[in-house]
Undergrad: 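This structure is in structure tokens; I'll ask about it shortly.
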Amino acid sequence: MPAPHPPGRIDLTPPRLVAAPDPVDGPAESLADLVVRAGAAVLAERRRRTGGHGLGVTGFAVLDVLERCGGLAQRELAARVRVAPTSLTPVVDALETAGLVVRRGDPADRRVRLVALTDAGRERWRAARPDGRGPWLREPGDGLDDAVRAYLLAVIADLEQDRSDVT
């Protein structure tokens, strides 16, 4: 049993176990609720793990995309990281200040600035990769991984379809 909190403090810690199904009313939570909870739990764990490398989740995603794609215009980088360009600017600023990325002019278009990894950024990415991308998340067993993957991709496709705010 967890230790009690001091008087006047509210325990905001989410429950650690999924509630058992109610035999009368059916499952305690819908699949949508469980997907949301699972996503939040994965994000919280990813924050904890990337934070141990001095990176936020978005900062790690920037390094990860740049490692795979090379130098990119900031707008393209934002699309690949799946954040708004204005949300990415402070992340790239912090990574640049830390010496992990560099901004350079695009020789093909002087109006565009390309973001690229530095050697230090590549080393930080290598160190953080196991914590940022996995394999710490348990995969479904008994051949269910393809079915779960197909379901989650279908949910994402249904919800992101025709949305202008999702890239």
Side-chain angles (χ1 to χ4, degrees), residues 5-6 8-16 32-139 145 148-167:
H5 290 275
R9 295 208 48 202
I10 299 172
D11 181 9
L12 299 177
T13 307
R16 298 289 297 173
D33 292 336
L34 292 174
V35 167
V36 168
R37 280 185 64 188
V42 168
L43 182 59
E45 182 64 11
R46 191 166 275 173
R47 274 190 187 115
R48 187 185 73 72
R49 288 173 178 263
T50 59
H53 297 277
L55 297 167
V57 172
T58 305
F60 173 79
V62 166
L63 298 183
D64 196 44
V65 166
L66 292 175
E67 172 60 26
R68 288 183 283 119
C69 300
L72 294 172
Q74 196 159 318
R75 183 167 293 284
E76 174 69 14
L77 180 58
R80 289 178 186 250
V81 173
R82 297 184 162 273
V83 298
T86 55
S87 298
L88 189 65
T89 299
V91 174
V92 172
D93 288 347
L95 292 172
E96 187 174 39
T97 298
L100 303 178
V101 301
V102 63
R103 289 179 174 118
R104 296 186 183 124
D106 183 349
D109 185 344
R110 294 183 310 165
R111 298 168 296 173
V112 175
R113 305 277 292 160
L114 299 177
V115 181
L117 277 179
T118 63
D119 289 340
R122 189 165 284 104
E123 288 304 313
R124 181 80 60 91
W125 171 81
R126 279 190 190 112
R129 186 184 184 283
D131 288 326
R133 293 184 75 192
W136 48 268
L137 184 61
R138 182 171 29 110
E139 293 289 327
D145 53 336
V148 171
R149 185 178 315 281
Y151 171 72
L152 293 174
L153 287 171
V155 168
I156 291 166
D158 287 348
L159 297 177
E160 288 184 354
Q161 180 177 309
D162 299 325
R163 289 196 41 207
S164 62
D165 62 326
V166 178
T167 54

Undergrad: Ala78 and Ala84: which non-hydrogen atoms are nearest, and at how many Å?
TA: CB-C, 4.2 Å
Undergrad: Would you find more than 12 non-hydrogen atoms of other residues, nucleotides or ligands less than 6.0 Å from Asp119 atom CG?
TA: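 It does not: Asp119 CG has 12 such atoms or fewer within range.
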Undergrad: Show the numbers, then the answer: is there a side chain to side chain contact (heavy atoms under 4.5 Å, CB included) between Val35 and Tyr151?
TA: CA-CA 11 Å; Val35 167; Tyr151 171 72; 4.1 Å; yes
Undergrad: Taking 4.0 angstrom as the limit, do Asp64 and Arg129 come out as a salt bridge?
TA: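 No, this pair does not count.
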Undergrad: Give a yes or no on whether Arg68 atom CZ has more than 12 heavy-atom contacts from other residues, nucleotides or ligands under 6.0 Å away.
TA: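 Yes, the 6.0 Å shell around CZ holds more than 12 heavy atoms from other groups.
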Undergrad: Mark yes when over 12 heavy atoms from residues, nucleotides or ligands other than Arg149 sit less than 6.0 Å from its CZ; otherwise mark no.
TA: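 Not more than 12 within 6.0 Å, no.
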Undergrad: Quick one: do Glu67 and Arg124 make a salt bridge, cutoff under 4.0 Å?
TA: no
Undergrad: Applying side chain to side chain contact (heavy atoms under 4.5 Å, CB included) between Leu95 and each of Thr58, Leu100, Thr118, Val102, report the one that passes.
TA: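 Among Thr58, Leu100, Thr118, Val102, the one that satisfies the side chain to side chain contact (heavy atoms under 4.5 Å, CB included) with Leu95 is Leu100.
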Undergrad: Is any side-chain heavy atom of Asp106 closer than 4.5 Å to one of Arg113?
TA: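 Arg113 vs Asp106: side chains apart.
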Undergrad: So does Asp93 pair up with Arg103, basic N to acidic O under 4.0 Å?
TA: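 Counted as a salt bridge, because a side-chain N and a carboxylate O are separated by less than 4.0 Å.
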Undergrad: Val81 pairs by side chain to side chain contact (heavy atoms under 4.5 Å, CB included) with which of Val91, Leu72, Val65?
TA: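 By the side chain to side chain contact (heavy atoms under 4.5 Å, CB included) criterion, Val81 pairs with just one of Val91, Leu72, Val65: Val65.
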Undergrad: For the backbone of Pro85 and the side chain of Arg75, can you confirm whether one donor and one acceptor N or O come within less than 3.5 Å of each other?
TA: no
Undergrad: Please lay out, stage by stage, how Arg48 and Glu45 fare under the test side chain to side chain contact (heavy atoms under 4.5 Å, CB included).
TA: CA-CA 5 Å; Arg48 187 185 73 72; Glu45 182 64 11; 2.7 Å; yes
Undergrad: Shortest non-hydrogen contact from Gly121 to Leu63?
TA: O-CD1, 4.1 Å
Undergrad: Report yes if the side chains of Arg82 and Glu160 come closer than 4.5 Å at any heavy-atom pair, otherwise no.
TA: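 Yes, close enough: below the 4.5 Å cut-off.
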Undergrad: Counting only heavy atoms not in Arg104, do more than 12 fall under 6.0 Å of its CZ?
TA: no
Undergrad: Is there side-chain contact between Leu77 and Val92, with heavy atoms separated by less than 4.5 Å?
TA: yes
Undergrad: Could you grab the distance from atom CG of Asp131 to atom NE2 of His53, nearest 0.5 Å is fine?
TA: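 Separation between the atoms: 3.5 Å.
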Undergrad: To check you understand the geometry: which heavy-atom pair defines the closest contact between Ala73 and Leu114, and what is its length?
TA: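 Minimum heavy-atom separation between Ala73 and Leu114: N-CD2, 3.4 Å.
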Undergrad: Checking Arg46 side chain against Gly132 main chain: does a donor-acceptor pair fall under 3.5 Å?
TA: yes
Undergrad: Can you tell me how far the CG atom of Leu117 sits from the CG atom of Leu66, to the nearest 0.5 Å?
TA: 5.0 Å
Undergrad: Is the side chain of Ser87 donor-acceptor paired with the backbone N or O of Val83 at a distance under 3.5 Å, no angle test?
TA: no
